[in-house]
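Inspection log for the structure reproduced underneath, given as structure tokens.
Counting starts at 1 for both ligands and their atoms, following the listed order. All values reported here derive from a predicted model rather than from experimental measurement.
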Amino acid sequence: MAAEQPIPIYTNLTDLYANLGTSLNHAVRWNNLAEEFKRRFGRKPAYIARAPGRVNLIGEHIDYALFGVLPAAIERDILIACAPRPVPSSSTTVEPHHSPGSVIAENLHPKYTRQAFSPSQKSKDIGDDEVHVEGWHLDINTQELRWESYVKAGYFGVLNHYFAPMNASGGEADHPIPVDLLVTGSVPAGSGLSSSAAMVVASTLAFLAVNGKLDDQKGSFGAESRLSKGGLVKMAMENEKRVGVNSGGMDQAASVISNAGSALYITFFPALKALPIQLPPRSVFVCANSLVVADKVVGAKRGYNLRVVETLVGARVLAKVLGIDIGEKEKITLREVVGRLVGEKKGEEMDVGDLRRVLERMGKEVEALKPKGRAAGDNELGVTMDEMIDMSGLTPALFQEVYLSWVEVEATHFQLYKRAKHVYAEALRVLQFQESCLTTAESSNTSGGSSVLQNLGRLMNESQTSCAELFECSCPELNELTQLARQAGAFGSRLTGAGWGGCTVSLVAENEVDAFISRIRDTYAPYRGLEGEALSEVIFATRPSSGACVLKFD
Ligand code: NG1
Ligand code: MG
């Protein structure tokens, strides 16, 4: 099982590149980073952690409803070089940068300035002048987009899973060491290629490695003895929530578990599982950046986090309508609704055929979520907060506690019907996409190749329409760019990632890629006049890359 494998640790670039499936020419980036680390910090790095971005081929905004998705890791990645900072033994006073776990973080990109921070102890007053130390704390600013927040998010998990609070009793104290680190990245930020997950995964890995926790066979405080890929995914998911986004696990799983050459079918329910998927021969995915940067902070309140709430409330209302028993405080997901509807056993996963059938049925059942008492066609606005609370069957106070207390959202109206309709149809498209790839891979006869590509393309186009019309996570530029891609010969084209800006992904025949890119350059206004590197920054073909790994220096 892919998710149970250990995180690869390499000791030389030749082995590392053989596994990455990329040519050694790229090693120059790794060497430069190591050299620059030495120049800035006066010694070699001990490790470089790598985590790739990802492109989601299909299955948008359904991971947090716990449905399977189909992304692939891309070659563009985040690299973090790191080393313990030596503490001079002669010094008698404790300098702040020598305090346990203090970090100096630099970035090769001049826009991202040098940061120094130290973790502190989080404690709770338990009365009688007694204080209970709960764990490690790092100040993470969730109101502003700051590069070091992602570094801190990764670190937070490592601190709290692997190190006992400082004054905890018993055992020999094991403190995090002071660390210097240097980051470089080639995943464009805010573009739907998940630079955020790549940052958090790379940071988590770097702090594990530098603290000697990665190949720790003895087992550590509160953590498994040998971290598996699946374990790292769980940590990175938890960590990314620290930055303020209630994400599903797609990006972290794609960044960690992928193997070169295949996409991944990732399911989250009942447990994280990843199946490598061979894409049809001679098919290429082209990423094109709309150059609209999605606003991750305000955007989350009116976009991403709002969608998380809408899909969860939709699930509760559907469960009620379908006579499914749920606890008052239970946040049932749309995936669990179908599981309980067909009597799926706890911990077991229903057969794909059964899942397909129940998803088809849900396409009709979601009608129950349409706002009541509206004139036909007057559904557009959705329901108000009061109507939504009423539909949920909960008291306002309970509703607030279950659905709104842990997340910031800003909205006057909520769309339960449209969101759930998208989720069930999109989940069905993922199954169809995956089956289509599997049957092509199994048959040695490739003459049907182009009809397979057409079929995959059609599913991608339907996904785009649904994202635009039902999930409302597209934007005019993404609509235009996907349309231009189809006119330029793509089998299909859609937004990838959260949307509201960022990249599109288009399925193109291998021998058409160059012509396709030229056509887009000539027709998408923001690209006009771009050449060479400036062009390949915004539009590029990509192959499925391998997942996160660590290079260890001796
Ligand atoms: P982006 O914002 O593109 O990294 C987000 C979520 C995913 C998934 C997609 C939509 C995070 C870290 N990732 O991706 O889990 O829900 O949107 O399919 O928030
Ligand atoms: Mg992200």
Inset, instruction - Answer yes or no: does an N/O atom from A498 fall short of 3.5 Å to an N/O atom of ligand 1? - result: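 Yes, at least one N or O pair falls under 3.5 Å.
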Inset, instruction - Indicate yes or no: does an N/O atom of D251 lie under 3.5 Å from an N/O atom of ligand 1? - result: yes
Inset, instruction - Measure the distances from the heavy atoms of R54 to every atom of ligand 1 and state whether one is below 4.0 angstrom. - result: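 In this structure, R54 qualifies as a contact of ligand 1 - some heavy atom is under 4.0 Å.
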Inset, instruction - Just let me know how A197 lines up against ligand 1, side chain, backbone, both or neither, with a heavy-atom cut-off below 4.0 Å. - result: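 The answer is neither; A197 stays 4.0 Å or more away.
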Under 4.0 Å to a heavy atom of [X] - the qualifying atoms of ligand 1, by number:
| X | value |
| --- | --- |
| D63 | 7 (C), 8 (C), 15 (O), 16 (O) |
| E240 | 12 (C) |
| G248 | 15 (O) |
| M250 | 8 (C), 9 (C), 18 (O) |
| E60 | 10 (C), 18 (O) |
| H61 | 10 (C), 18 (O) |
| G192 | 3 (O) |

When you measure from the centre of the six-membered ring of [Y], is the NZ or CZ of [X] under 6.0 Å away and within 45° of the axis?
| X | Y | answer |
| --- | --- | --- |
| K331 | W406 | yes |
| R307 | F471 | yes |
| R242 | F156 | yes |

Under 3.5 Å, is there a donor-acceptor pair between the [X] and [Y] side chains?
| X | Y | answer |
| --- | --- | --- |
| T333 | E336 | yes |
| T204 | N239 | yes |
| Q432 | R429 | no |

Legend entry - Residue among M235, R54, E240 satisfying side-chain contact (heavy atoms from CB on, under 4.5 Å) with Q252: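 Answer after filtering M235, R54, E240: E240.
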